[in-house]
Amino acid sequence: MKAMEWLLGSAGGTGNHSGSGTKSGTKSGRGSGTESGAGGGARAAAGVAAVGLAAAGALHAVWTVSPWPLATRAEFAAVVVGVEESRLPSAPVTLAVAGLLGAGAWLTVTAARPAHRLASSRLVRTGLWTLSGVLAVRGLGGLLVSGLDLGEVPAEFRHWDLALYSPLCLALGGLTGYLAVRTHPGQRPDLRSGKAG
C-alpha cells in the first residue's frame with residue numbers, strides 16, 4: 001500500500017480542493033471510505049497497468065542484448081516473436097518498443113494523479129486512449145490469429161500467444177481504458193472525494 005501511495009501520490013494532490021470539502025469528508029467519515037472505492041479503483045488500475053507496462057518495457061530492453069529467459073536467440077525468436085531468427089527485429093527497434101512501453105507506464109501514473117499539471121492535458125488524454133486502443137487491438141488480433149490458426153507461426157508462439165501474450169495485452173488495454181474513463185476531466189472529483197463531477 002505504501003508503494004502504491006508513493007507511485008501515485010495522494011488522492012487529493014495539493015492545493016486542488018477546499019478546506020470545507022476536506023472537513024465534510026472527515027466529519028462524515030466518507031472521505032477515506034469512498035477514496036478506496038471508485039477513486040481507489042482508478043488508482044489501483046493505474047498502479048497495476050504501470051507495473052505491467054514498465055516490466056514489459058524492461059524485458060524489451062534486456063532483449064536488445066540477451067534472449068533471457070530463453071537459452072538461445074533462435075528459441076527466443078520462435079517462442080516470443082513467432083519468427084525465424086533471421087527475421088528478429090533489430091536492437092534499435094526493440095529498444096524503441098521498450099521506450100514506448102515506458103512512456104505508457106508514465107502516462108498511466110500521470111493520469112491517475114489529479115494534482116499533476118499534465119494529468120488532464122491533451123497529451124496524456126490522447127496518449128492514454130491510444131495506448132488502450134493499441135493494446136486492445138493487439139490482444140484481440142492475437143487471440144483471433146492464433147486461435148483460428150491464421151498465421152504461419154511456430155506452435156510454441158501460438159501457445160504462448162493464447163495463454164499469455166494476448167490476454168496480457170487485453171488486460172492492460174482494459175485497465176488503461178478504464179483509467180481513461182475514470183480520470184476524464186468530468187470525472188476528476190471522483191479521484192479526490194469518490195464523487196463524479
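What's counted below: heavy atoms across the whole structure, side chains too, no hydrogens, waters or symmetry copies.
Thr108 contributes atom OG1, which lies 11.5 Å from atom CZ of Arg113 (distance to the nearest 0.5 angstrom). From Leu168, atom CG reaches atom CG of Leu53 across 8.5 Å, with rounding to the nearest 0.5 Å. Rounding to the nearest 0.5 Å gives a distance of 7.0 Å between OG1 of Thr176 and CG of Leu172. Distance CG/Leu164 to SG/Cys169: 9.0 Å, rounded to 0.5 Å. Atom CG of Leu88 is separated from atom OG of Ser86 by 8.0 Å, given to the nearest 0.5 angstrom. We find the CG-CG distance between Leu179 and Leu107 to be 9.5 Å, quoted to the nearest 0.5 Å.
Using a distance-only test at 3.5 Å, with no hydrogens or angles considered, no donor-acceptor pair links the side chain of Ser66 to the main chain of Val62. With Ser146 contributing its side chain and Leu143 its backbone, the two residues share no donor-acceptor pair below 3.5 Å. Remark: side-chain polar atoms of Ser132 are not paired, donor with acceptor, to backbone N or O of Leu128 under 3.5 angstrom. Here the side chain of Arg158 pairs no donor or acceptor atom with the backbone of Gly82 at under 3.5 angstrom. Counting only distance, with no hydrogens or angles, the side chain of Trp63 and the backbone of Trp68 share a donor-acceptor pair below 3.5 Å.
Note: the hydrophobic cluster containing Leu101 does not contain Tyr165 (ILVMFWY, side chain heavy atoms under 4.5 Å, direct or indirect links). Under the 4.5 Å side-chain heavy-atom criterion for ILVMFWY residues, no single connected hydrophobic cluster contains both Leu148 and Leu140. Linking Ile, Leu, Val, Met, Phe, Trp and Tyr whenever their side-chain heavy atoms come within less than 4.5 Å leaves Leu131 and Val137 in two separate clusters. Under the 4.5 Å side-chain heavy-atom criterion for ILVMFWY residues, no single connected hydrophobic cluster contains both Tyr178 and Leu170. Cluster membership check: Phe76 does not share its hydrophobic cluster with Val65, using side-chain heavy-atom separations under 4.5 Å among Ile, Leu, Val, Met, Phe, Trp and Tyr.
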* Applying side-chain contact (heavy atoms from CB on, under 4.5 Å), run through Val153 and Asp161 and close with a yes or a no. => CA-CA 10 Å; Val153 295; Asp161 194 27; over 6 Å; no
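Other residues, nucleotides and ligands contribute only 12 or fewer heavy atoms inside 6.0 Å of the CH2 atom of Trp160. Other residues, nucleotides and ligands place more than 12 heavy atoms under 6.0 Å from the CD atom of Glu156.
Shortest non-hydrogen contact noted between His60 and Ala98 is CB-CB, 3.7 Å.
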